[in-house]
Amino acid sequence: MKLRGKQKRFLRSQAHSMKPIFQIGKEGINQQWLNEVSDALEKRELIKVNILNNSLLEPAEVEEYIQENSNIQVIQKIGHVLVLFKRSNNKNYREISNQVAKI
């Protein structure tokens with residue numbers, strides 16, 4: 001799902017009050033971590049990820065890894081926080097993506 005500017009703005013506004021539910025520390029990221037994030041996005045569609053200060057990865061590296069190895073979209077990157085979006089495959093969980101489609 002290719003997002004337009006207004007749709008990204010809507011997603012950023014929805015994510016504003018959210019707290020990060022995943023963290024990246026000194027262990028970095030791997031395929032298992034990415035699978036867990038993908039599973040969480042199946043239920044929520046929109047999450048925040050925090051990159052801790054002790055992480056050896058830069059936010060740009062994390063963004064690149066996510067986009068190369070999955071169909072998850074990075075909506076916003078502010079400092080060490082990433083906002084991730086993925087349309088759920090389950091129709092019962094598509095609340096946010098249905099709102100995005102209407103924009």
Side-chain angles (χ1 to χ4, degrees):
M1 175 179 210
K2 180 73 173 153
L3 297 173
R4 296 185 313 273
K6 285 186 178 186
Q7 293 170 325
K8 289 181 183 180
R9 196 171 355 173
F10 171 77
L11 290 171
R12 286 194 305 263
S13 71
Q14 294 296 307
H16 178 72
S17 61
M18 297 173 95
K19 300 251 188 261
I21 62 168
F22 281 94
Q23 296 180 356
I24 300 171
K26 61 184 176 182
E27 297 296 320
I29 54 178
N30 55 26
Q31 190 60 42
Q32 180 184 358
W33 180 88
L34 197 57
N35 291 340
E36 290 176 13
V37 168
S38 184
D39 291 344
L41 282 166
E42 273 299 312
K43 299 232 166 115
R44 297 176 181 232
E45 292 189 317
L46 186 68
I47 62 170
K48 279 186 176 180
V49 175
N50 188 22
I51 303 170
L52 301 176
N53 289 333
N54 65 351
S55 175
L56 301 174
L57 299 172
E58 293 295 320
E61 294 171 322
V62 174
E63 179 180 11
E64 182 180 326
Y65 181 83
I66 290 172
Q67 290 179 343
E68 286 179 0
N69 296 304
S70 68
N71 59 349
I72 299 171
Q73 296 183 33
V74 178
I75 301 299
Q76 186 177 30
K77 178 177 62 172
I78 298 179
H80 289 274
V81 177
L82 300 176
V83 177
L84 306 178
F85 172 74
K86 178 182 155 198
R87 185 174 185 209
S88 178
N89 293 326
N90 187 338
K91 292 181 181 180
N92 296 328
Y93 298 125
R94 287 188 188 166
E95 183 178 332
I96 293 176
S97 59
N98 288 339
Q99 292 175 356
V100 168
K102 292 178 184 176
I103 297 174

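When a residue number appears, it is its place in the shown sequence, counting from 1.
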List for me each residue that meets side chain to side chain contact (heavy atoms under 4.5 Å, CB included) alongside R12, sequence neighbours excluded, and say none if there are none. K8, R9, I75, Q76
Of all the heavy-atom pairs spanning G79 and P59, show the shortest one and how long it is. O-CG, 3.3 Å
How far does CG of N50 sit from NZ of K19, to the nearest 0.5 angstrom? 11.5 Å
Non-neighbouring partners of Q14 that pass side-chain hydrogen bond (donor to acceptor under 3.5 Å, both in side chains), sequence neighbours left out: none
Which residues pass the side-chain hydrogen bond (donor to acceptor under 3.5 Å, both in side chains) test with E68, sequence neighbours left out? none
Summary of salt bridge (Lys or Arg N to Asp or Glu O under 4.0 Å) pairs that have at least one residue in residues 69-87, sequence neighbours excluded: E42-K86, E63-K77
Taking all non-hydrogen atoms of both residues into account, name the closest pair between N92 and N90 and its distance. N-OD1, 3.0 Å
So NZ of K91 and CG of N89: to nearest 0.5 Å the spacing works out to 11.0 Å
Side chain to side chain contact (heavy atoms under 4.5 Å, CB included) between L46 and L11: does it pass, once the steps are laid out? CA-CA 8 Å; L46 186 68; L11 290 171; 4.3 Å; yes
Between atom NE2 of H80 and atom CD of Q23, what is the distance when rounded to the nearest 0.5 Å? 13.0 Å
Can you name the closest pair of heavy atoms from L52 and G25 and give their distance? CD1-CA, 4.1 Å
Salt bridge (Lys or Arg N to Asp or Glu O under 4.0 Å): pairs with one or both residues in residues 20-40, sequence neighbours excluded: none
Considering only Ile, Leu, Val, Met, Phe, Trp and Tyr, and joining two whenever side-chain heavy atoms are under 4.5 Å apart, list the other residues clustered with W33. I21, F22, I24, I29, L34, V37, L41, I47, V49, I51, L57, V62, Y65, I66, I72, V74, L82, L84
Who else is in Y93's hydrophobic cluster (ILVMFWY, side-chain heavy atoms under 4.5 Å, direct or via others)? none
Side-chain donor/acceptor pairs under 3.5 Å, residues 96-103, sequence neighbours excluded:
from	atom 1	to	atom 2	distance (Å)
S97	OG	E45	OE2	2.7
N98	ND2	R94	O	2.8

